[in-house]
Peer 1: 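My structure is below; once you've seen it, I'll send some questions.
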Amino acid sequence: FRINVFLQRGQVAVAVRRVTRDIPDFKSLNLPAAVEEIASGRQGLVLLSGPTGGGKSTTLAAMLQYINQTRRCHIVTLEDPIEYLYEGDKALISQREIGIDALDFQTALKYVFREDPDVVLIGELRDLDTFSAALQVAETGHLVFGTIHASRAPQTIGRLMDMFPTDARARVRQLIGFNLRAIICQKLLPSIAKGVDMVPACEILLMDHDIRRIISDGDDADLEEAIRSHELAGMQTFTKSLFALINAGLIEPRVASDAAPHVAYPQTILTGISTNRSGPRP
């Protein structure tokens, strides 16, 4: 159990959450096929973004479990706190909790190279030092996973830039362009399917030549259109994800309308659903 004891109104209160060994797979989470492809990579930085309670930790757990079941490697997790307990399958897994097994993220990342990892999970990229260390680990040929709070994949880049002083941002953009592998931004929506409480709507950005150029040049406003124009390569916008969830019978059109990222999209979602299972192009 993960337990937090605190005072409220002068009395002791407690919040308790069970830490589980039951890690869901991609299919049971209704994640798009691109997530498995991302987890199959051998190096680079993979970012999970989205609001608090958006399912980022569960998606990360599914990705690490997939690696555990398919690849002989050493996985090191740096978490605050540990949320899922892994049992080694093909992989050796070392889980370190900040405050118990390591003083802080910066200290743990400083010495992670001595632990001979192949895959590193950083629970949350909270500040400049942590993100800089994550970039360094990715740059040296490791596969690195991390989470960050941002509402869209394009906004994730801006959120990262905000960590750095203005005079350092051009260089950091170059580093991100060379080391970023993917951004998965997700939010959880109530489901209407039997036995399914919530499903993730996912926006997926995959690194390629065009995306690298846009990030390096600082043209973040062009990222959404770039994602839309590369959908055949596995990328997808939130709008495409919403259409897919509707056509799969997982969410109601009204829920998709409320979750749509642009004010022009709700009516499109409500009136544009066709009988074609692939749905209209968002």
Side-chain angles (χ1 to χ4, degrees), residues 2-4 6 17 19 38-39 41-54 56-61 63-64 67-68 73-86 91-150 153 155-185 207 215:
R2 190 179 82 191
I3 301 173
N4 182 264
F6 57 97
R17 177 177 175 178
V19 179
I38 294 169
R42 295 302 178 105
Q43 68 178 68
L45 178 63
V46 177
L47 298 176
L48 272 290
S49 65
T52 300
K56 298 185 296 294
S57 295
T58 302
T59 296
L60 272 175
M63 297 176 82
L64 288 186
I67 297 172
N68 180 33
C73 62
H74 183 201
I75 301 172
V76 177
T77 74
L78 309 175
E79 303 173 73
D80 182 20
I82 289 174
E83 297 190 70
Y84 287 90
L85 297 175
Y86 301 92
L92 171 66
I93 304 179
S94 303
Q95 291 186 260
R96 308 190 67 202
E97 183 162 323
I98 303 303
I100 297 177
D101 304 311
L103 180 64
D104 51 42
F105 279 110
Q106 292 86 352
T107 303
L109 281 165
K110 180 180 178 180
Y111 295 103
V112 74
F113 293 106
R114 300 183 182 180
E115 295 151 23
D116 193 26
D118 300 288
V119 180
V120 179
L121 165 66
I122 305 169
E124 186 176 348
L125 300 174
R126 299 176 176 175
D127 51 43
L128 184 153
D129 291 336
T130 305
F131 180 66
S132 296
L135 272 178
Q136 183 181 6
V137 177
E139 195 171 19
T140 52
H142 301 81
L143 182 61
V144 181
F145 294 93
T147 67
I148 187 169
H149 294 290
Q155 292 174 2
T156 301
I157 302 298
R159 176 71 179 84
L160 295 173
M161 289 301 101
D162 289 342
M163 296 181 183
F164 292 87
T166 303
D167 59 353
R169 292 178 184 175
R171 177 177 173 274
V172 173
R173 283 186 174 278
Q174 295 293 326
L175 290 173
I176 292 175
F178 282 115
N179 295 294
L180 182 66
R181 175 171 169 77
I183 296 175
I184 303 169
C185 188
M207 186 56 64
I215 292 175

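Since the structure is predicted, the reported quantities are computational estimates derived from the model, not experimental observations. In this chain, numbering begins with 1 at the start of the sequence shown.
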Peer 1: Over all heavy atoms of both residues, which pair between Ser94 and His74 is shortest? Give the atoms and the distance, please.
Peer 2: OG-NE2, 2.8 Å
Peer 1: Counting only heavy atoms not in Phe178, do more than 12 fall under 6.0 Å of its CZ?
Peer 2: no
Peer 1: Where is the tightest heavy-atom contact between Asp101 and Gln95, given as atom of each residue plus distance?
Peer 2: OD2-O, 3.8 Å
Peer 1: How close do Glu97 and Pro81 get, heavy atom to heavy atom, and via which atoms?
Peer 2: OE2-CB, 3.8 Å
Peer 1: Quick one: side chain to side chain donor-acceptor pair (under 3.5 Å) partners of Asn68, sequence neighbours excluded?
Peer 2: Gln65
Peer 1: Phe105 and Leu78: which non-hydrogen atoms are nearest, and at how many Å?
Peer 2: CE2-O, 3.2 Å
Peer 1: Do Tyr84 and Glu79 have side-chain heavy atoms sitting under 4.5 Å apart?
Peer 2: no
Peer 1: Test Val144 against Ile122 for side chain to side chain contact (heavy atoms under 4.5 Å, CB included), laying out the working first.
Peer 2: CA-CA 7 Å; Val144 181; Ile122 305 169; 3.9 Å; yes
Peer 1: On a heavy-atom basis, which atom in Ala102 and which in Ala108 lie closest, and how many Å separate them?
Peer 2: CB-CB, 3.8 Å
Peer 1: With a 4.5 Å heavy-atom cut-off, do Ile82 and Ile100 have their side chains touching?
Peer 2: no
Peer 1: Can any side-chain N or O of Lys56 pair as donor or acceptor with the backbone N or O of Pro51 at less than 3.5 Å?
Peer 2: yes
Peer 1: Which distance, rounded to the nearest 0.5 Å, do you find between the CG of Asp162 and the CG of Leu128?
Peer 2: 11.5 Å
Peer 1: Quick one: are Arg173 and Ile176 in side-chain contact, heavy atoms under 4.5 Å?
Peer 2: no
Peer 1: To the nearest 0.5 angstrom, please state how far the NE2 atom of His149 sits from the CZ atom of Arg126.
Peer 2: 8.5 Å
Peer 1: I want to check something: taking the side chain as every heavy atom from C-beta on, are Leu143 and Met63 in contact at a cut-off of under 4.5 Å?
Peer 2: no
Peer 1: Take Leu121 and Ile75 through the side chain to side chain contact (heavy atoms under 4.5 Å, CB included) test and state the conclusion after the steps.
Peer 2: CA-CA 8 Å; Leu121 165 66; Ile75 301 172; 5.7 Å; no
Peer 1: Side chain of Arg96, backbone of Val76: donor and acceptor closer than 3.5 Å?
Peer 2: no
Peer 1: Is any side-chain heavy atom of Leu47 less than 4.5 Å from a side-chain heavy atom of Leu125?
Peer 2: yes
Peer 1: State which residue, out of Asp104, Leu109, Leu103, fulfils the side-chain contact (heavy atoms from CB on, under 4.5 Å) condition with Gln106.
Peer 2: Asp104
Peer 1: Check whether any side-chain heavy atom of Thr156 sits under 4.5 Å from a side-chain heavy atom of Ile148, and report yes or no.
Peer 2: yes
Peer 1: Testing the basics here: between Val137 and His142, what is the closest heavy-atom pair and its distance to 0.1 Å?
Peer 2: O-ND1, 3.1 Å
Peer 1: Any sub-3.5 Å donor-acceptor pair from Arg181's side-chain atoms to Ile38's backbone N or O?
Peer 2: yes
Peer 1: Got Phe113 and Gln136 here, is their nearest side-chain heavy-atom distance under 4.5 Å?
Peer 2: yes
Peer 1: Looking at Ile184, Val120, Thr59, Ile67, which hits side-chain contact (heavy atoms from CB on, under 4.5 Å) with Phe145?
Peer 2: Ile67
Peer 1: Just verifying a value: how many Å separate Phe164 CZ and Arg171 CZ, rounded to the nearest 0.5 Å?
Peer 2: 8.5 Å
Peer 1: With the side chain counted from C-beta on, respond yes when Ile183 and Ser49 share a heavy-atom pair under 4.5 Å apart, and no when they do not.
Peer 2: yes
Peer 1: Among side-chain atoms of Asp127 and Thr130, is any donor-acceptor pair under 3.5 angstrom?
Peer 2: yes
